[in-house]
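Everything on this sheet refers to the single structure shown next.
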Number of protein chains: 2
Amino acid sequence: MKKGTRRTPTTDAVEIIRRRYYEGRPERIVGLAEAEANDTVARKICKLRKRAGLTQQQLAKRVGTTTSVISRLEDADYEGHSLAMLRRIASALNKRVELRFVSAGRTTKLA
Amino acid sequence: MKKGTRRTPTTDAVEIIRRRYYEGRPERIVGLAEAEANDTVARKICKLRKRAGLTQQQLAKRVGTTTSVISRLEDADYEGHSLAMLRRIASALNKRVELRFVSAGRTTKLA
DNA sequence: AGCAGATTTCGCAAAATTGCGAAAGTTGGA
DNA sequence: TCCAACTTTCGCAATTTTGCGAAATCTGCT
């Protein structure tokens, strides 16, 4: 990569698109980020809990909180998940949170 | 799985261990969760940013925040990452956050 | 219908994270 | 060494998430 005078020149397609769409418009990024299905995290927690054969109350006890909190976390509209809480839940189920930044659009395949 | 009278009986090793160690001791779980290398998330962000050839300031602009915030997120000792912020960062780099709850200890293999 | 267990919703206080600017500290090159 | 760019640290306000209990809903079963 050459050190650009103004800015690193790019031949990267996604980078070009990004510049067109988001540069100088942080709101868009924030919006995008929010919009992107958190939904999934909520469902994951829910499925995980059910798969473990636990009620919200039982999970709450293990996590060290209450049912209302668990319920909130499992709510598809909830957006406020913190890594800390996700980890607590994972630990309570003998799991571990794995985080990955993958190229937009692409879905990671597991072996 | 049979429906247990009191509680679902288990032959699952990790589940047995979990019961011995954590049941009724939510503090332990919280502790474990905190201890578990957040470190990694910080490094991921840092590497990701550098790989994209950006300075903290440039990333900050894209994300819609300041350098001090980025610096904090990249600090290995920082534990307060929120999914919302991680997503904003991912979006700013044309990526997406993928979250997974994997069995403790096991490392996921990619295809 | 009536009951017991499970989940959701409401409200508010406490705690934690983000926002932001300024100052201090680092790093690399001229 | 000096300079410019980059990163880290500090403090505090603003916003957000968690904690928690009570009441309202929902579900499945008899």
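Model, not experiment: these values are computed from the prediction. Letters A, B, ... mirror the listed sequences (proteins, then strands); counts begin at 1.
Rounding to whole angstrom units, CD of residue B/Glu74 and C1' of D/dC6 are separated by 11 Å. In this structure, CG of B/Leu73 is placed 14 Å from C1' of C/dC20, rounded to the nearest angstrom. Between B/His81 atom NE2 and C/dT17 atom P there is a gap of 9 Å when expressed in whole angstrom units. Between A/Ile70 atom CD1 and C/dT7 atom P there is a gap of 10 Å when expressed in whole angstrom units. Nucleotide D/dT8 holds its P atom 13 Å from the CD atom of B/Gln57, rounded to whole Å. Between A/Tyr78 atom OH and C/dT7 atom P the separation is 18 Å, expressed in whole Å. When the C1' atom of D/dT17 is taken as reference, atom CG of B/Leu86 falls 15 Å away, rounded to whole Å. Remark: C1' of C/dT18 and CG of A/Leu83 are 15 Å apart, rounded to the nearest angstrom.
When the side-chain nitrogen and oxygen atoms of B/Arg49 are compared with OP1 and OP2 of D/dC6, none of them lie within a distance under 4.0 Å. Contact annotation: B/Thr65 does not reach the phosphate of C/dT18 (side-chain N/O to OP1 or OP2, under 4.0 Å). Considering only side-chain N and O atoms, B/Gln56 lies under 4.0 angstrom from the phosphate OP1 or OP2 of D/dT8. When the side-chain nitrogen and oxygen atoms of B/Arg88 are compared with OP1 and OP2 of C/dG19, one or more of them lie within a distance under 4.0 Å.
Judged by atom type and distance alone, A/Ser68 reaches the base of D/dG21 through a side-chain donor-acceptor pair under 3.5 Å.
Once rounded to the nearest 0.5 Å, the distance linking CZ of A/Arg62 with CZ of A/Arg49 reads 11.5 Å.
Each of B/Ser82 and B/Lys50 has a nearest nucleotide on DNA chain D; the 5'-most of these lies closest to B/Lys50.
Ranking C/dT8, C/dG11, C/dT18 by closeness to the B/Met85 side chain, first place goes to C/dT18.
For the residue pair A/Val41 and B/Leu83, the shortest heavy atom distance occurs at CG2-CD1, 3.6 Å.
Looking only at distances, a side-chain donor or acceptor of A/Lys44 sits under 3.5 Å from a matching main-chain atom of B/Leu99. Panel note: side chain A/Arg100, backbone B/Glu98; no donor-acceptor pair is recorded below 3.5 Å.
Base contact: B/Thr66 has a heavy atom under 4.0 Å from a base atom.
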Pair B/Thr55, B/Gln58 - check side-chain contact (heavy atoms from CB on, under 4.5 Å), show working. CA-CA 5 Å; B/Thr55 65; B/Gln58 293 173 310; 3.3 Å; yes
